[in-house]
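In what follows, a single structure is set out as structure tokens and then discussed.
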Amino acid sequence: MKVARVIVDVPSRDTDRTFDYSIPPQLDGWVEIGSRVAVPFGGRALQGIVTAFAADAEVEAAKVKPIAELMDAMPPLSAELVQLGEWISKRWLCPLTIALQAMLPAALKGKAEKYVFPAIGAHWTEEETARSGGLLLALGRGEPLKLASLLQQYPDQGEQLKLWMRQGRLEERQRVENRMSVKTMQTVFAPDADKLRQAMAELPARARKQHEVLAYLADNPEPIAVERLAEALGTTSSTIRALADRGLIEVRAVTEDRDPYANRHFPPSVPMTLTPAQAEAIAPIIDALDSRDHRAFLLHGVTGSGKTELYLQSIDRCLSSGREAIVLVPEISLTPQMVERFKSRFGAKVAVLHSRLSNGERYDEWRKIREGRAQVAVGARSAIFAPFERIGLIVIDEEHETSYKQEESPKYHARDVAIERARLNGAVVVLGSATPSLETYAASKRGIEMGYISLPQRVADRPLPGVRLVDMREELKLGNRAMFSRALHEAIVSRLEKKEQMVLLLNRRGYATFVMCRSCGYTATCPHCEIALTYHRGAQTMRCHYCGYAEVEPKTCPSCESPHIRYFGTGTQKVEESLAETFPGIRVIRMDVDTTTEKGSHERWLTEFKERKADVLLGTQMVAKGLDFPYVTLVGVLAADAALRLPDFRASERTFQLLTQVAGRAGRHELPGEVIIQTYDPEHPSITSVQGHHYEGFVRQELKLRHVFGYPPYGRLIGVTLSHESVPMLLSAGQRLATRVRELATAERIGSDFAGGNGDALEILGPVASPIARLKDRYRFQCMVKYRGDVDASRLVAQALRELEEAVKKNGLIVSVDVDPQMML
DNA sequence: AGCACGCCGACT
DNA sequence: GTCGGCGTGCTC
């Protein structure tokens with residue numbers, strides 16, 4: 001009996017294998033590898049993906065059930081993507097269904113819905129019918145009805161329904177349905193100001209928060225999302241709901257638009273004539289495309305060297321050979337300007353995929369690709385799964401960006417997936433960056449698996465901006481306690497006079513980074529996470545940036561009641577305030593997660609800045625990436641070493657990359673640029689190398705350190721984080737795991753004297769408390785496996801984890817594995 | 001992940 | 001004597 005092997009959508013270790021289903025005659029010939037099917041599984045209906053066929057079931061024929069339904073006429077995944085999914089699940093140690101789900105748009109994440117209908121021959125008394133308040137009448141019409149909507153419509157009949165189902169008078173059937181939910185947003189609509197004032201007068205005086213809400217709406221009459229309004233006023237949605245209940249405001253679910261680019265016109269662009277340097281750089285890429293071999297290249301080009309034009313011309317070449325192209329861009333750089341560059345060149349052939357799209361929009365773009373109506377996919381990380389069938393080229397712009405690593409399961413890195421997918425397709429990969437990750441750089445310098453292409457000059461020979469380092473310790477000695485050094489102060493003044501613009505970077509949001517009592521040393525920490533709370537000026541709250549916990553600012557010390565409670569450290573809010581005080585009349589746009597939560601706000605700020613409605617763009621790392629404004633002639637970094645002391649071996653690399661990227665924002669057009677970096681550590685290589693735009697110098701030094709400690713690219717890492725409410729439990733589980741990995745390594749004769757890139761093999765560190773030792777009320781311990789690249793450590797870790805899970809069963813221990821972790825926190 | 005099956009406390 | 005608490009095991 002021919003069977004389909006199905007991966008069912010239950011993300012657990014013991015269901016991480018195929019289950020066999022027979023193919024009903026009417027589906028014969030329709031079910032393919034990659035088909036999405038609904039199947040009965042343990043008494044319920046589930047979604048699954050067909051990954052193989054077999055001539056016979058691996059279990060006795062009586063156990064094999066038929067596929068209930070084929071969910072799409074055209075399989076959403078190809079055999080190639082299924083294969084890629086299998087590779088991902090092995091590489092990052094996750095259940096295959098999780099890898100496969102990551103490839104599907106959210107709209108295709110099927111969910112079982114329960115339907116109820118009367119059993120044949122079931123009767124109800126007149127009294128029961130009357131008591132059911134219309135429910136039995138509705139059921140009596142014959143159509144099975146959705147259980148969830150019945151419960152919503154008749155909230156008090158839940159018990160009754162359950163009883164009838166137990167008695168067999170009602171029957172239940174499950175059906176897997178698409179979650180084609182159009183995205184909606186609860187939005188507040190305010191009446192006109194007069195009505196609002198009248199409403200305020202009618203409100204009881206003690207309803208203070210409700211007054212505030214109405215006052216805010218009187219000033220800001222445009223519709224606003226409930227969540228956002230609540231956040232702006234430091235209250236909760238219940239306040240707003242209360243107002244809606246009184247009928248004073250209206251709250252409606254607003255659906256989001258489906259074609260984000262429907263009303264936009266993209267003026268066509270033609271290929272630019274390449275500079276000699278560009279022409280030389282693109283040649284090997286074109287060669288590789290023409291030969292149809294799998295090849296990968298690092299395109300190492302300084303900021304402003306014209307990498308995007310090379311991408312465009314490479315894509316053009318790829319398309320003209322009848323193949324398709326994927327372009328990955330960091331989420332944050334996926335701005336309308338960026339999209340425009342691709343749409344202008346390739347028009348309707350471009351599909352755009354990013355997280356800001358609603359599920360419906362995303363699904364529509366995805367279908368354009370699947371159905372062959374688009375040949376270029378431009379998108380963030382997950383666009384690497386664009387369902388093309390003839391991929392010729394994959395471009396990853398800003399390849400060093402951390403956002404290419406997904407932090408939830410599957411914890412894949414899009415760069416590695418790209419290379420594997422290109423290998424499967426005989427396609428070319430181009431990794432572009434001004435500051436390549438050390439892994440990529442080292443690989444390209446080895447020259448075996450990856451070629452190196454350099455583009456060391458900016459186009460039109462525009463100079464890289466001059467970089468000045470300012471030692472803030474000297475400033476302090478000279479009595480300057482302000483957050484702006486004298487140099488930066490002067491530079492700001494001169495830009496204001498010349499009506500030029502500035503970008504200021506501070507990689508910390510909020511107002512003050514911690515709150516401490518000067519009398520007793522008490523610091524405010526999150527009660528759930530052991531993380532210092534950050535003070536936010538606007539809402540006068542202290543917030544945890546990890547779990548979102550917030551409390552009102554204390555007037556006196558909660559511990560000793562001293563009034564000497566002070567705010568330390570500087571966040572973007574405080575800089576904004578200080579700019580206004582120091583430079584009266586200065587116009588500042590602040591961009592950080594607090595000001596860009598609303599859909600489209602990110603874009604709006606950038607447009608305003610571009611139109612020169614502000615002098616300063618102040619923000620966290622989101623102002624460092626890919627922005628291109630002709631009037632920006634000054635970039636200021638307020639505290640360059642902020643991220644340097646983090647307990648992460650990549651801290652230096654990140655700092656260097658961030659500083660170089662932000663420095664590249666200055667002087668990109670006619671006007672020359674200047675960069676001022678304030679630091680307490682002006683000798684640090686991450687910082688001094690930025691001054692000379694000296695990537696190679698920085699990398700050489702950093703690689704030496706990595707070599708000594710056996711960190712990537714010389715060794716590889718697997719992080720395992722265990723979390724539980726109890727510390728002793730965690731410690732014993734952690735030790736058990738570490739011991740077991742060690743035993744397995746010894747059994748396989750893998751030496752444990754790995755130190756640096758020349759030792760041999762594998763070592764396991766920990767368990768130790770995680771840098772964030774407690775998160776959301778759970779303690780966290782971690783182990784780190786450090787190993788030489790040719791050792792199959794993930795197999796050992798997987799086995800040790802299986803054994804550990806077997807041993808502790810369900811006692812609440814949560815284990816999370818991260819292969820090639822990018823963040824050590 | 002769910003849902004069933006199974007073995008021990010507070011109720012009609 | 002029964003309802004139901006959630007520990008354990010299976011799902012083609």
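Model, not experiment: these values are computed from the prediction. Lettering of chains follows the sequences in order, A, B, ..., and the numbering in each one begins at 1.
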Report the residues that fulfil salt bridge (charged side-chain N to carboxylate O under 4.0 Å, His left out) with Arg736(A), sequence neighbours left out, ordered by chain and then residue number.
->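 Applying salt bridge (charged side-chain N to carboxylate O under 4.0 Å, His left out) to Arg736(A) gives none.
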
Qualifying residues under salt bridge (charged side-chain N to carboxylate O under 4.0 Å, His left out), relative to Glu420(A), sequence neighbours excluded |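 For Glu420(A), the residues satisfying salt bridge (charged side-chain N to carboxylate O under 4.0 Å, His left out) (neighbours in sequence not counted) are Arg423(A).
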
How close or far is atom [atom2] of [N] from atom [atom1] of [X], stated in whole angstroms?
X: Gln174(A); N: dT11(C); atom1: CD; atom2: C1'; value: 13 Å
X: Asp9(A); N: dC12(C); atom1: CG; atom2: P; value: 15 Å
X: Glu805(A); N: dT8(C); atom1: CD; atom2: P; value: 16 Å
X: Asp14(A); N: dT8(C); atom1: CG; atom2: P; value: 14 Å
X: Leu96(A); N: dA1(B); atom1: CG; atom2: P; value: 17 Å
X: Gln101(A); N: dA1(B); atom1: CD; atom2: C1'; value: 13 Å
X: Glu172(A); N: dG2(B); atom1: CD; atom2: P; value: 13 Å
X: Asp16(A); N: dC10(C); atom1: CG; atom2: C1'; value: 16 Å

When all nucleic acid strands are considered with a 4.0 Å heavy-atom cut-off, which category describes Thr15(A): base, sugar-phosphate, or nothing?
->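 Base, at least one base atom sits under 4.0 Å.
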
Using a 4.0 Å heavy-atom cut-off across all strands, classify Arg13(A) as base, sugar-phosphate, or nothing.
->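 It contacts nothing in the nucleic acid.
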
Could you tell me whether a side-chain N or O of Glu365(A) sits under 3.5 Å from a main-chain N or O of Ala351(A), the two making a donor and an acceptor?
->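 Side chain of Glu365(A) to backbone of Ala351(A): no pair is present.
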
Which parts of residues 33-72 of chain A get close to DNA chain B, meaning a heavy atom less than 4.0 angstrom away?
->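 The answer is Arg44(A).
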
Would you call the rings of His413(A) and Tyr404(A) parallel, tilted or perpendicular if under 30° counts as parallel and over 60° as perpendicular?
->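 Aromatic pair His413(A)/Tyr404(A) classed tilted.
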
Proximal nucleotide (of dC3(B), dC12(C), dA1(B)) relative to the Val10(A) side chain =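 Side chain of Val10(A) sits closest to dA1(B).
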
If we ignore angles and hydrogens, is there a donor and acceptor under 3.5 Å between the side chains of Ser816(A) and Lys411(A)?
->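 On atom types as modelled, these side chains qualify, holding a pair under 3.5 Å.
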
Val37(A), Val39(A), Thr18(A), Asp16(A) screened by side chain to side chain contact (heavy atoms under 4.5 Å, CB included) with Val8(A), the one that passes |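 Testing Val8(A) for a side chain to side chain contact (heavy atoms under 4.5 Å, CB included) against Val37(A), Val39(A), Thr18(A), Asp16(A) leaves exactly one candidate, Val39(A).
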
Residues Lys111(A), Glu177(A): salt bridge by 4.0 Å N-O rule |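 The answer is no: the pair does not qualify as a salt bridge.
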
